[in-house]
Amino acid sequence: MAAFSKSIPHNCYEIGHTWHPSCRVSFLQITWGALEESLKIYAPLYLIAAILRKRKLDYYLYKLLPEILQSASFLTANGALYITFFCILRKILGKFYSWSPGFGAALPASYVAILIERKSRRGLLTIYMANLVLLFCITAAMYMFFFRCKDGLKGFTFSALRFIVGKEEIPTHSYSPEAAYAKVEQKKEKQEGKPRRMNVIALVRKLVDLICKHGPRHRCCKHYEDNCISYCIKGFIRMFSVGYLIQCCLRIPSAFRHLFTQPSRLLSLFYNKENFQLGAFLGSFVSIYKGTSCFLRWIRNLDDELHAIIAGFLAGISMMFYKSTTISMYLASKLVETMYFKGIEAGKVPYFPHADTIIYSISTAICFHAAVMEVQNLRPSYWKFLLRLTKGRFAVMNRKALDVFDTGASKHFQDFIPRLDPRYTVVTPELPIEFS
């Protein structure tokens, strides 16, 4: 409580934007840097999502760019408004308190920023959990259960899971087994009537068919074109390819930036460890889920939605190949959001207006406060993201002056002393050590 009431007389230049004494110039520099990085993040992300969702031409002409700009504006505003409220609070209060440079400035900035983003993308943020794989296993189990249930999932989440695991795992098909067999026969006749081109994909498929030709298929399984073994192997190959290509596409901008200076770096576009890790994650997730579902149908001699809980949980082990806090936390938060709205529909949970906006604002403010006052307690990946968003400027705050609040603010910045212009400071600045 004593630390909470402490204050320091330094102005916003001495603590926050130490690289330039002007609040306006600092704001513009942060805004420009954040906008540049935001576009680099969202442009490939939305483009890949549009391709995977098989969007029509009208979407690319009229909706893609506005959606990219809206999300980029949201992320830019998060950084730009933080430095804005940082300076405003200092001018209003006349000094800095332990809560003002971090939580105090970040809370209103995050609240205003999230209002810019589309409501469909406002996810609930939760506290970081240490056991990443277990969290993903539980999340995957619940997602797959809702996916198998009638009206369990809707919109993009349902479409994404249908793309990943296939429509064969949806229990309510609009066609009968007889109709499915008829479609298979028609497909075979068409293929026999056309000359085949023996490309790489055709050769792989032929090899898989040869390996799995005599495999069994349970009567409850809806993958009528394949037996159970072939079904799992093809699922792995398909999603491994998708994961590999996604990671390649994400690396294209950085690879082509060094096209003329370091041509050898282009090879890393295709032979990169992360490419294979994402592919192995997606491929193993699908194959484990499908394999477990088929196994349970064989054991229990029926197709049950509850199988999805076991299959989804075991498929979550695939996170071992691609340990991503971002994926786990985002999916977990969206799961909480899904269950919350289902509770509202059932009349068992009260509805709180703007709950997602409030929770996002508080969560982000806590993370920003940690980034200012105690970086050692912040998740390293989030710290790197903040540095990227601000072009490294988050690291040049005068944290030595914040040590008075007993949070260990300068613990990882012991050798850093900002070069401040004495004409614009309230407290005589400490001179940086000169090394000869």
Is there side-chain contact between [X] and [Y], with at least one heavy-atom pair below 4.5 Å?
| X | Y | answer |
| --- | --- | --- |
| Ile233 | Phe236 | no |
| Phe163 | Arg238 | yes |
| Tyr244 | Leu278 | no |
| Leu161 | Met144 | yes |
| Tyr82 | Val372 | yes |
| Lys342 | Phe146 | yes |
| Phe240 | Leu282 | no |
| Phe385 | Leu75 | yes |

Working for side-chain contact (heavy atoms from CB on, under 4.5 Å), residues Ile51 and Tyr60: CA-CA 10 Å; Ile51 293 171; Tyr60 292 95; 3.7 Å; yes
Quick check: closest heavy atoms across [X] and [Y], and the distance to 0.1 Å?
| X | Y | result |
| --- | --- | --- |
| Tyr289 | Gly312 | CD1-N, 3.7 Å |
| Leu39 | Ile68 | CD2-CG2, 4.1 Å |
| Trp383 | Ala371 | CZ3-O, 3.9 Å |
| Phe74 | Ile116 | N-CG2, 4.0 Å |
| Met373 | Leu402 | SD-CD1, 4.0 Å |
| Cys137 | Phe313 | SG-O, 3.3 Å |

Test item: [X] side-chain N/O and [Y] main-chain N/O as donor-acceptor pair under 3.5 Å:
| X | Y | result |
| --- | --- | --- |
| Thr390 | Phe394 | yes |
| Asn78 | Ala113 | no |
| Ser100 | Tyr97 | yes |
| Ser318 | Ala315 | yes |
| Lys400 | Ile417 | no |

Does the pair Arg300 and Asp304 meet the rule for a salt bridge (Lys or Arg N to Asp or Glu O under 4.0 Å), with working shown? CA-CA 9 Å; Arg300 299 189 65 204; Asp304 192 350; 3.3 Å; yes
Apply side chain to side chain donor-acceptor pair (under 3.5 Å) to the pair Asn398 and Thr18, showing each step before the final yes or no. CA-CA 7 Å; Asn398 188 4; Thr18 59; over 6 Å; no
Is the number of heavy atoms from other residues, nucleotides or ligands within 6.0 Å of CZ (Phe295) greater than 12?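 No, because the 6.0 Å sphere around CZ of Phe295 holds 12 heavy atoms or fewer from other groups.
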More than 12 heavy atoms of other groups within 6.0 Å of Asp415 CG: no
Can you list the residues that meet the salt bridge (Lys or Arg N to Asp or Glu O under 4.0 Å) rule with Arg55, with sequence neighbours excluded?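 Counting only residues at least two positions away or on another chain, Arg55 forms no salt bridge (Lys or Arg N to Asp or Glu O under 4.0 Å).
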How many angstroms lie between atom [atom1] of [X] and atom [atom2] of [Y], to the nearest 0.5 angstrom?
| X | Y | atom1 | atom2 | value |
| --- | --- | --- | --- | --- |
| Gln277 | Phe321 | CD | CZ | 10.0 Å |
| Cys294 | His307 | SG | NE2 | 11.0 Å |
| Ile83 | Cys12 | CD1 | SG | 7.5 Å |
| Tyr46 | Glu67 | OH | CD | 6.0 Å |
| Leu81 | Ile88 | CG | CD1 | 9.0 Å |
| Phe405 | Arg399 | CZ | CZ | 13.5 Å |

Mind running side-chain contact (heavy atoms from CB on, under 4.5 Å) on Tyr382 and Cys367 for me, showing each step along the way? CA-CA 8 Å; Tyr382 193 76; Cys367 290; 3.5 Å; yes
Stepwise side-chain contact (heavy atoms from CB on, under 4.5 Å) check, Phe147 with Val165: CA-CA 10 Å; Phe147 175 69; Val165 301; 3.6 Å; yes
Just do the side-chain contact (heavy atoms from CB on, under 4.5 Å) check on Phe368 and Leu107 with the steps written out, would you? CA-CA 9 Å; Phe368 267 69; Leu107 184 62; over 6 Å; no
Pair up each side-chain donor or acceptor in residues 23-38 with any protein partner under 3.5 Å, not counting sequence neighbours, and list the distances.
residue	atom	partner	partner atom	Å
Ser26	OG	His17	ND1	3.3
Ser26	OG	His20	O	3.4
Ser26	OG	Ser22	O	2.8
Gln29	OE1	Trp19	NE1	2.6
Thr31	OG1	Phe27	O	2.7
Glu37	OE1	Arg388	NE	2.7
Glu37	OE2	Lys391	NZ	2.9
Ser38	OG	Ala34	O	2.6
Ser38	OG	Thr76	OG1	3.4

Excluding sequence neighbours, so at least two apart, what forms side chain to side chain contact (heavy atoms under 4.5 Å, CB included) with Cys220?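 His218, Arg297, Asp303.
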